[in-house]
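Sequence positions, counted from 1, serve as the residue numbers for this chain.
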Amino acid sequence: MKTALWLYLFLFLAFFDLHAQYPVLTPFAISLGAGPTFIGWMMGMYSLTHLPGNLLAGVLVDRNGSRRYIVFSLVAAGAILLLQAHVQLPWHLLMLRAASGFVLAFLSPACMTLLASLSSDATEQGKYMSGHGIVHTLASVVSPAAGAFIVAKAGYSGTFTTLGWLLIATGIMAFFSVPAPSRHILKPLSSAPSALKVPDKPSIPTKDDELVSKRYYLLPFFVSCSQGVLFFELPLSQTGSNSILSTGILLSLLSLGALVTLSMLFLNRLSPGGRIAAALLGMAISFFALASFHRIPTAAILFMLGAAKGVLFPAMASLFISLGGPGRMGRTFSMQSIAMSLGAFAGPVAAGQLRSFVSPYFIAFLLLMVALLLLPPKNTGKLSNLTSKWNGRAA
């Protein structure tokens, strides 16, 4: 538990730092002379460069443990932010965002693997993932408004400098506090005396199981697409002298909605498949309301959208833990991060190209409805086995 608390502290500081940039980057790029299409590519490039980092992280985290990659990711991202404070041209910002996307690709697989390896019990793992979501959401509740406030007081350069040094300091703290690989990477194997023995008959997944497992990776892709659309369109839709502050407040309300449902820990006892379906439907309805019902306050819709996200992400994490297992969780979370990176690249790029023809929010609605339709049927082999096993452990 002590390890989890330390990790939650570092995650809070890291997520605070990263989310504080969301209401700032688009106005900063506009101040450099960038247009909507370029901004879409800038946001998408950050996610695209996640891919090589995710591919490396999946193997390296399983082999060497999480600590060195957590430290590297935080310190390198902080150094890039210090350089970002002195950007003069849009292309400079594009290059630095691409570099930041690569180094931060190691952070999520490393942290998720470390948290998942703290327990081999499904319910406990679900609680750890909910704790991760709560910390993430707490940071994202206060950070967008805080980032907008820092910009108002210190300007763009001062904001990036402050956030950069905070990331570097967090990385140094993680170096001394996150456990060494030998203390956590083998933990799931210690529950049985024969854990180090090679099983006589290793289980071989069927074709149906492999198909369902691959279909699950479409979920983070479409969800990340919709999030990329939101982070692209929301700052552009806010106008006036206080646009940065209003964007920050709206993003904070989005995270506040997620915090409400993440705090409902009893939801971990429900099957992940049901939670995922309900959350996808709620997110799709929220995006449709943003696109079509302009009389409904944006703040109320974003709060409901955040509440659906708070249900979705712990449920997805629980299923990916079940799809992985000891010694493979790094690869599993790496594949999840790759799917999310591809989605976060495609979402804002598509929104930037199609914004003149259709509301980007309607694009997000369609993506989420496709994700809902692609959910494996409840009686499909792998999903049925995972749900039955989850219900048995949670009982």
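Closest approach of F232 and A351 over heavy atoms only: CD2-CB, 3.6 Å. Of all the heavy atoms in S286 and I301, the pair that sits closest is O-CG2, 3.3 Å. P220 and A339 get closest at one heavy-atom pair: CG-CB, 3.8 Å. Listed here is the closest heavy atom pair of A34 and I39: CB-CG1, 4.2 Å. For the pair H92 and Q88, the tightest heavy-atom approach, listed with the atom from each and the gap, is ND1-N, 3.9 Å. Nearest heavy atoms, A110 versus I70: CB-CG1, 3.7 Å.
Relative ring orientation between F106 and Y69 is described as parallel, the plane-to-plane angle staying below 30° on a 0-90° scale split at 30° and 60°. Using cut-offs of 30° and 60° for the angle between ring planes, the F288 and F362 rings count as tilted.
Evaluation of the side chain to side chain donor-acceptor pair (under 3.5 Å) rule for E233 yields R355 as partners, not counting sequence neighbours.
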Any chance you could lay out the side-chain contact (heavy atoms from CB on, under 4.5 Å) test for I80 and F102, step after step, and finish with the verdict? CA-CA 11 Å; I80 291 171; F102 174 78; over 6 Å; no
Output, in order, the C-alpha distance, side-chain angles, deciding distance and verdict of side-chain contact (heavy atoms from CB on, under 4.5 Å) for L218 and V370. CA-CA 10 Å; L218 294 174; V370 171; over 6 Å; no
Residues I363, L367; criterion side-chain contact (heavy atoms from CB on, under 4.5 Å); working and verdict: CA-CA 6 Å; I363 297 174; L367 292 171; 4.2 Å; yes
Derivation of the side-chain contact (heavy atoms from CB on, under 4.5 Å) call for F222 and L374: CA-CA 10 Å; F222 285 114; L374 289 176; 3.8 Å; yes
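Using a 4.5 Å heavy-atom threshold, the side chains of L254 and L230 count as touching. When side chains are defined from C-beta on, V75 does not count as touching V103, because their heavy atoms never get closer than 4.5 Å. In this structure, the side chains of V71 and R68 stay at 4.5 Å or more apart for every pair of heavy atoms. Within the 4.5 Å cutoff, the side chain of Q84 has heavy atoms near those of the L25 side chain. Inter-residue side-chain proximity for L234 and Y361 is flagged as met; some heavy-atom pair is nearer than 4.5 Å. Counting heavy atoms from C-beta on, the side chains of L305 and L302 come closer than 4.5 Å. Contact of the S359 side chain with the F365 side chain is not registered, since no non-hydrogen atoms from C-beta on lie closer than 4.5 Å. At a threshold of 4.5 Å between non-hydrogen side-chain atoms, the residues F231 and T26 do not count as touching.
S224 places a side-chain N or O within 3.5 Å of a backbone atom of M340 that can act as its donor or acceptor partner. Of the possible donor and acceptor atoms, none in the side chain of S100 sits under 3.5 Å from a partner among the backbone N and O of R97. Remark: side-chain polar atoms of S226 are not paired, donor with acceptor, to backbone N or O of A364 under 3.5 angstrom.
If you chain together hydrophobic residues whose side chains sit under 4.5 Å apart, I276 and F313 fall into the same group. No continuous path of ILVMFWY side-chain contacts below 4.5 Å connects L82 to L74, so the two sit in separate hydrophobic clusters. Hydrophobic cluster membership is shared by L366 and L281, with clusters built from Ile, Leu, Val, Met, Phe, Trp and Tyr side chains linked at under 4.5 angstrom. In the hydrophobic clustering of this structure, I296 groups with L253; members are Ile, Leu, Val, Met, Phe, Trp, Tyr whose side-chain heavy atoms approach within less than 4.5 Å, directly or through other members. Both M42 and L83 belong to a single network of hydrophobic side chains, linked directly or stepwise wherever heavy atoms of I, L, V, M, F, W or Y lie under 4.5 Å apart.
The side chain to side chain donor-acceptor pair (under 3.5 Å) analysis of residues 295-315, with sequence neighbours excluded, yields the pairs Q227-K309.
No more than 12 heavy atoms of other residues, nucleotides or ligands lie within 6.0 Å of CZ in F149, so this atom counts as exposed by the packing criterion.
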Determine all donor-acceptor pairs shorter than 3.5 Å in which one atom belongs to a side chain in residues 158-176; sequence neighbours excluded.
unit_1	atom_1	unit_2	atom_2	d
T159	OG1	V151	N	3.4
T159	OG1	G155	O	2.7
T161	OG1	S157	O	2.9
T162	OG1	G158	O	2.8
T170	OG1	L166	O	2.8

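A distance of 11.0 Å separates CZ in R275 from OG1 in T261, rounded to the nearest 0.5 Å. Between the CG atom in L256 and the CD1 atom in I249 there is a gap of 12.5 Å [rounded to 0.5 Å].
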